[in-house]
Protein chains: 4
Amino acid sequence: MTRMKQSQVVSDVIRAAVELFALKGYANTSVQDIVSAAGVTKGAMYHYFESKDDLLFGIYDRVLSLQQAHLDAIIAEGGEVDDVLRAVCVDVLETSIEFIAEGTVFFRSMDMLSEQRRKEVVRRRRTYNDEFADLVRRGQREGLFREDIPVAVLIAHFFSDVHYLSYWYSEEKPADRTLAAVQITDLFMSSLRRSDVQHFSSTDDASLASHQAR
Amino acid sequence: MTRMKQSQVVSDVIRAAVELFALKGYANTSVQDIVSAAGVTKGAMYHYFESKDDLLFGIYDRVLSLQQAHLDAIIAEGGEVDDVLRAVCVDVLETSIEFIAEGTVFFRSMDMLSEQRRKEVVRRRRTYNDEFADLVRRGQREGLFREDIPVAVLIAHFFSDVHYLSYWYSEEKPADRTLAAVQITDLFMSSLRRSDVQHFSSTDDASLASHQAR
Amino acid sequence: MTRMKQSQVVSDVIRAAVELFALKGYANTSVQDIVSAAGVTKGAMYHYFESKDDLLFGIYDRVLSLQQAHLDAIIAEGGEVDDVLRAVCVDVLETSIEFIAEGTVFFRSMDMLSEQRRKEVVRRRRTYNDEFADLVRRGQREGLFREDIPVAVLIAHFFSDVHYLSYWYSEEKPADRTLAAVQITDLFMSSLRRSDVQHFSSTDDASLASHQAR
Amino acid sequence: MTRMKQSQVVSDVIRAAVELFALKGYANTSVQDIVSAAGVTKGAMYHYFESKDDLLFGIYDRVLSLQQAHLDAIIAEGGEVDDVLRAVCVDVLETSIEFIAEGTVFFRSMDMLSEQRRKEVVRRRRTYNDEFADLVRRGQREGLFREDIPVAVLIAHFFSDVHYLSYWYSEEKPADRTLAAVQITDLFMSSLRRSDVQHFSSTDDASLASHQAR
DNA sequence: GATGAATGAGTATTCATTCAT
DNA sequence: CATGAATGAATACTCATTCAT
């Protein structure tokens, strides 16, 4: 990224880019579209951004940094592991809803990032995921969370919801945001608990086998 | 989509297109790349496919049709609602893993479809989703599934996993496929059950409130 | 180079490119200028040429190949070393005059070639020069040519004339071409002879010293 | 050219420009490259130079003026024509070696000068050449130099060496500079002498004819 | 004097699609 | 059926130069 100083140009361009990329996709949005929508000239844009790719990276970078900072703060605060994990889940969902256009852009346009930058993003997401996984493992050690499902699957199960927001979430009232975050977190936490206390479980071998035969 | 199965050309082109689109993205793959990889000429490809867009639609069309057919067959077979829903979930996960490249392509390249075709895809996915939602609602009426979370959220919670497969799933052994499908289904079914039978739930109002205050 | 087949497009484009590059320089000639002058479309040009750089390389490549072939033929023919060298000199001068526009283009636009291609050109010119140098050394061994000046300087002294043609030569009559080639060759051969048989030479130490003192 | 010697900026910019133009070519060097290398800002540069073109002209102007002054001084000193001519040749070669980067820049980037400035340069070089030609003609009148080759060819023969320096000369020891100048001058003077006193010449009509037949 | 943000015209190149053969 | 040459519109990006501060 090359954002040198803060400038009206920079914020206008980013706003226009997020909006257009989310609406039409990165590949279908020309640099001309962006600068026209932002009301600046192409030259001005290239004064602040190295490339169209730079714009894309910058968009996600903001959200990634924010979420990482929140994660670190929540963990630093401490507490019971399921309360901490719940807080982390609610936060990442809420911020992902807040920056839902950015998420839409990113997940659909990963392919357009340069190799170098894709790697940088992957690295940073892995850092976040690893800290998240540590919380899950801590909960397992403390006997709160189920151990019959690999941690990788548990993690993917949660982040799939975060990722998928841009495909279905549409806000009607501001309150929806927190509500949705809490509901999804609740579903995740429900699925995370030890199942051995649920005596009505249908996941016994017999029922599985009957359907695996299809 | 134009004629299917008419020639070796068609299958070679589709195979090449899926592979390249999944690897580099639709926008970064030229028609020349595809025909070169398929070992056919550009003219031959345009004889069977109307456009590059047509190719993209065709790729997803195959999977959508297959999954819809499976869904109809499973429902027709009948049974207890949670067994039926479980079977549906396992099936859509298994077929999505089987055609994981197609899923990768589609979710990242929706933007590149023509308006008309995007609408057609949305229509067909909605049909599938509606039948899925009917199962969930039936389970709620029968007192099996929780009712404190909107059906739309429950549905999204499940399809997020399907969607997310292409971002994390990588097969090491063939058996992994079914195992992963079952594990994810299990997580979903766990989260779907009425929480009022789980006396240790932390989703009571007090705990929620404490974190919403952050 | 990518010239695939012979085509009217290829020859028209090359003709236009040579003319415009010689007239205005490579950097001042746009691809649009070339295709307009050639009466073809940009797309057609890029069907045959990879890049503007490719065009530049192709222009010089033709002359280099021709001169190398001539050199090999003349050497293969054999004869007294001064006759052979004289024939080589006349040939390279004549062909350089024939393709004077190509030479103009090349010497002024070397900088614009990609690194890889510049190296290829240097390699080929070195091959030519080495064979030329062998003739000079053979003449020295046979006692015909002076040995008081390094061979590298003698060689540069000759090729400087070839190179410089584009800066001063302008043909008025077709016969001028051979005449100029012979005259320049004659000057070179004169300067190449052993100076010890020229008793009126002013290159004795005294005269040299007097001017070195300036 | 605009003001000279007014500031550190001017000399830093010129030094950077010569270096970069010689290394990468005028067209491949941006004004930003130059000011960055010189450690000044763009605005500062444009305060002292009208344009990039102005920079190019300025570079050559320094050398042209210097060589013209030397020429006038040598001629004013008087002496035998071959001694004067020899001194002139050695001087132009030595100064061209001293300012070899400037020569490199100029000969390859003539095309980039504005029409007006190109004409100015041509005018000044013609002035130099005319005075040089006068010396050659005086030598011919005095019976020292050959008359079988047009004066224009003789002149071009000499200046080709000056021009070509940047293509082959690379200094290893400081003494090389004068040595090379003397050697090249020597070659030129050798070729300039009347050939009728050289009884072993192969440039008789018969030998010429035999090669013209190729 | 000096800055550096902004301009705007220009550049090479790509590529889905068409069509004469 | 199949070819591949040709189209032409679009695209990202560059850069010498200007000018308000």
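Every value quoted in this text rests on a predicted model; they were computed, and no experiment measured them. Side chains are part of it too, since the values below use all heavy atoms of this structure and drop only hydrogens, waters and symmetry mates. Letters A, B, ... are given to chains in the order of the sequence lines, protein chains preceding strands, and every chain is numbered from 1.
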Legend entry - Any donor-acceptor pair under 3.5 Å from D:Ser65 side chain to D:Arg62 backbone: no

Legend entry - Below 4.0 Å: OP1/OP2 of E:dG1 and any side-chain N or O of D:Tyr48: yes

Legend entry - From C:Thr29, C:Thr104, C:Asp33, residue fulfilling side chain to side chain contact (heavy atoms under 4.5 Å, CB included) relative to C:Phe21: C:Thr29

Legend entry - Residue met sooner reading DNA chain E from 5', once B:Lys52 and A:Val9 are mapped to nucleotides: A:Val9

Legend entry - First of D:Val31 and A:Ala27 reached from the 5' end of DNA chain F, by closest nucleotide: A:Ala27

Legend entry - Interatomic distance, D:Asp12 CG vs E:dA2 P [rounded to whole Å]: 12 Å

Inset, instruction - Select from C:Thr41 and A:Asp53 the residue whose nearest nucleotide in DNA chain F is closer to the 5' end of that strand. - result: C:Thr41

Inset, instruction - Say whether, by atom type as modelled, one donor and one acceptor occur between the side chain of C:Asp111 and the main chain of D:Asn28 under 3.5 angstrom. - result: no

Legend entry - Spacing between A:Asp33 atom CG and F:dA12 atom C1', to the nearest angstrom: 12 Å

Legend entry - Distance, rounded to the nearest Å, where A:Met45 contributes CE and F:dC13 contributes P: 7 Å

Legend entry - Watson-Crick/G-U partner (both atom distances under 3.5 Å) of E:dA20: F:dT3

Inset, instruction - Would you kindly give the CD-to-P distance between C:Gln8 and F:dA6, to the nearest whole Å? - result: 10 Å

Legend entry - Phosphate OP1/OP2 of F:dA6: any C:His47 side-chain N/O under 4.0 Å: no

Legend entry - Rounded distance (Å) that lies between atom P of F:dG4 and atom OH of C:Tyr46: 23 Å

Inset, instruction - When you get a sec, tell me which of F:dA16, E:dT3, F:dG8 is the closest nucleotide to the side chain of D:Ala44? - result: E:dT3

Legend entry - Presence of donor-acceptor pair under 3.5 Å, side chain of C:Lys42 and base of E:dT13: yes

Legend entry - Sole candidate of D:Arg117, D:Arg123, D:Arg118 that passes side-chain hydrogen bond (donor to acceptor under 3.5 Å, both in side chains) when paired with D:Glu120: D:Arg123

Legend entry - Nucleotide F:dT14, atom P - distance to CG of C:Asn28 in whole Å: 19 Å

Legend entry - Most 5' of C:Gly43 and A:Val40 on DNA chain E, judged by nearest nucleotide: A:Val40

Legend entry - Nearest-angstrom distance from the residue atom CE of C:Met112 to C1' of E:dA12: 12 Å

Inset, instruction - Let me know the distance between CD of D:Gln32 and C1' of E:dA6, rounded to the nearest Å. - result: 14 Å

Inset, instruction - Please confirm whether the backbone N or O of A:Asp53 pairs with a side-chain atom of A:Tyr26, one donor and one acceptor, at under 3.5 Å? - result: yes

